[in-house]
Amino acid sequence: MKQRGRSIAGFRSLMILMLVFTLVMTPISSYASDAGSGTRWGDAADEIDKYLDAAFEYYLAGDAKAAYNSVNDAYFKVYEVTGFERQTMSYVSGPRKNAVELQYSTCKAAVKKDNSDPEVQKEVRTELNKLKSMIREDGNKLAAKDGEEQTVTKYYKDGEMVASDPYAEYAGDPNAAVTYASWGAAAEALNELLDTAFTAYKGKDMEAAKDNVETAFYMVYEESRLDHTIYAELSVEDRKEVDARFAALLELVEGEKFQRKAVQREIRELKNVVSAKAASVDEKIAAQQAEEAAAAAQEAEANAASEEDQNWLTFIAAFGIIVREGLEAILVIAAIIAYLAKSGNRKSLKNVYIGGVLGIAASFVAAAILYYVKQAWAGAGQSQEIIEGVTALIAVCVLFYVSNWMISKSEAAAWSNYIDSKVQSSVETGSAMALAFTAFLSVFREGAEVVLFYQPMLGEGRANMVWAGFAAGCVLLVFVYLAITKLSIKLPLKIFFTATSILMAIMCVSFLGSGIKELAEGGVFDVVLQVGGIPENDIIQIFGIYPYLETLVPQLILAIILLITFMMAHYRNKLALKDAEIRKLQGH
């Protein structure tokens, strides 16, 4: 009976050994060549493709657990069991094997993400495809070594092979470098590798456990620069703490004694430490980004306010130019009309109106000619800045002349003499053409000045505000004209001419600075003599003030000349007024 019992026990032992052998060899044999086709590595890669495509289907369906398990099965049931991992390390390279294991961890972390964002869906599919590409590439290298045929990536849908990628719309570049959305994501990838290391350690595969720990350290912790970021954003002590945890874990894994609980505890502590440090870094960076965003928003608001201020300055300048020039033309026309009415020559008023309308039309024609000439020169290769600079300098000359002319006519007597000299001779000779031409010149001169003054302003990129100011000024001039001609309202000539001549002098200095700067930007010469203490911003530059001696010195010289001419004109006006009073007394 004892002998029989021993025989039965021996038989049972043999059966158990055969069963174990069968269980161990079945996974391997399932990827062995079919009917001698010799596609072991290709079949293994196909099976991994099937698991990874299934993982993406589970992910899209919202089953993160099943997706995670499918990626896990691709690793443990195929990549490890078939010998793919060891063969890759032996015949491709150790670093390549580590890179594949890291990609497995990246995919396991990816399929846990929210599946409602299309961009995240693309990211997950790209990571899975990258792993498939890496496996296929390594499989073909191993196949070449063993004399097997080369294979291509396979695609599966609902567990069945299909001809092309059923999720091509989600696919990105599988060869793109690994990036992490945050340091927390890097920590998650690192933790996945540590979990894989513990699974291998539990199975007493010490080498695989060590490889995964080293991959977590070198290819995630160091390569992603999480170590440097912890040091830079937190402290050197924080980085030392993580380094020490890694060293302690490696020492346990490499030890001869099997210490399952100790390794599990060390991995748990390391994961907690890394996750905490990464979260702290993310919080600090998020706070910095929030602060920078707030500063950027504040700067944008300030720029918007500055832009609004500049727009209003441009509007006011354009409005002021057309009103000033228009008032001057209106004063001339109104004075001529009043003179004709008082002298009984109302029949000549038609000629004044015709001349005035032709003057307005000629001003628009001059503006069009200047615009097209400017465009033609620019098209012929001339610098836009040079054209604008020359136009500004011409405007300076006109402004200088007109400001002196206006200050000289600021006294009522001088103005009356000017009107008499222009109109009386035309009436006496009965020349309708001469009277119309006088009105035409009075309007066209002012219109031409407006054209010249508007050109530099239109080049500043705020043409809409220039035209808005022009339109508003024209509306005001219509009411002013009606008030003067129909209601007999008189403007204070001395205040008007004096104020506008001062304004034109300021514009003269401003245009000089802008014109010189435009010529410098056009390459005519360089402005290099910078002056400290003068801010360089858009509001100050509206007035043509730049922190360069090449612009400031000519502006200072012009300002002195303007002041001298104003003083001389004021002195001449006083003398003319005294002479008029003396002649008036002598006449009585």
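Computed from heavy atoms alone, side chains included, the values below leave out hydrogens, waters and symmetry copies.
A 4.5 Å side-chain heavy-atom check between Arg125 and Asp53 finds at least one atom pair inside the cut-off. A 4.5 Å side-chain heavy-atom check between Leu128 and Tyr59 finds every atom pair outside the cut-off.
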- [ ] Step by step, work out the side chain to side chain contact (heavy atoms under 4.5 Å, CB included) result for Ile516 and Tyr548.
- [x] CA-CA 10 Å; Ile516 295 172; Tyr548 300 101; over 6 Å; no

Task: Worked verdict on Leu226 versus Val220 for side chain to side chain contact (heavy atoms under 4.5 Å, CB included) - done: CA-CA 8 Å; Leu226 177 56; Val220 180; 5.7 Å; no

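Within the model, atoms OH of Tyr58 and CG of Asn115 stand 15.0 Å from one another, a figure rounded to the nearest 0.5 Å. Separating the OG1 atom in Thr229 from the CG atom in Asp227 is a distance of 7.5 Å, to the nearest 0.5 Å. One finds the CG atom of Leu556 at 10.0 Å from the CD1 atom of Ile561 (value rounded to the nearest 0.5 Å). Taken from CD in Glu283 to OG in Ser182, the straight-line distance is 11.5 Å, to the nearest 0.5 Å. Annotation: the span from Ile285 atom CD1 to Glu292 atom CD amounts to 10.0 Å, rounded to 0.5 Å. Note: Leu512 CG to Leu552 CG = 10.5 Å, rounded to the nearest 0.5 Å.
Annotation: Glu291, atom CD; neighbour count of heavy atoms from other residues, nucleotides and ligands within 6.0 Å does not exceed 12.
In this structure, Leu562 and Val509 approach most closely via the heavy-atom pair CD1-CG2, 3.9 Å. For the residue pair Val475 and Phe479, the shortest heavy atom distance occurs at O-CD1, 3.1 Å. Looking at every heavy atom in both residues, Ala187 comes nearest to Ala278 through CB-CB, 3.8 Å. Across all their heavy atoms, Phe56 and Gln121 have their closest contact at CE1-O, 3.7 Å. Of all non-hydrogen atoms in Val124 and Ala110, the two that sit nearest each other are CG2-O, 3.4 Å. For Gly473 against Val323, the heavy-atom pair with the smallest separation is CA-CG2, 3.7 Å.
The backbone N or O of Trp183 lies less than 3.5 Å from a partner atom in the side chain of Asp282, making a donor-acceptor pair. Using a distance-only test at 3.5 Å, with no hydrogens or angles considered, no donor-acceptor pair links the side chain of Glu127 to the main chain of Cys107. One N or O on the side chain of Lys284 and one on the backbone of Glu233 form a donor-acceptor pair closer than 3.5 Å. Using a distance-only test at 3.5 Å, with no hydrogens or angles considered, no donor-acceptor pair links the side chain of Ser133 to the main chain of Asn129.
Partners of Ser116 according to the side chain to side chain donor-acceptor pair (under 3.5 Å) rule, which considers only residues two or more places apart in sequence or in another chain, are Asp114. In terms of the salt bridge (charged side-chain N to carboxylate O under 4.0 Å, His left out) criterion, residue partners of Lys112 (sequence neighbours excluded) are, by chain and number, Glu192.
Ring geometry for Trp312 against Phe315 counts as perpendicular: the plane angle is over 60°, on a 0 to 90° scale with 30° as the lower cut. Using bins of under 30°, 30° to 60° and over 60° for the plane-to-plane angle, the ring pair His228/Tyr231 lands in the tilted bin.
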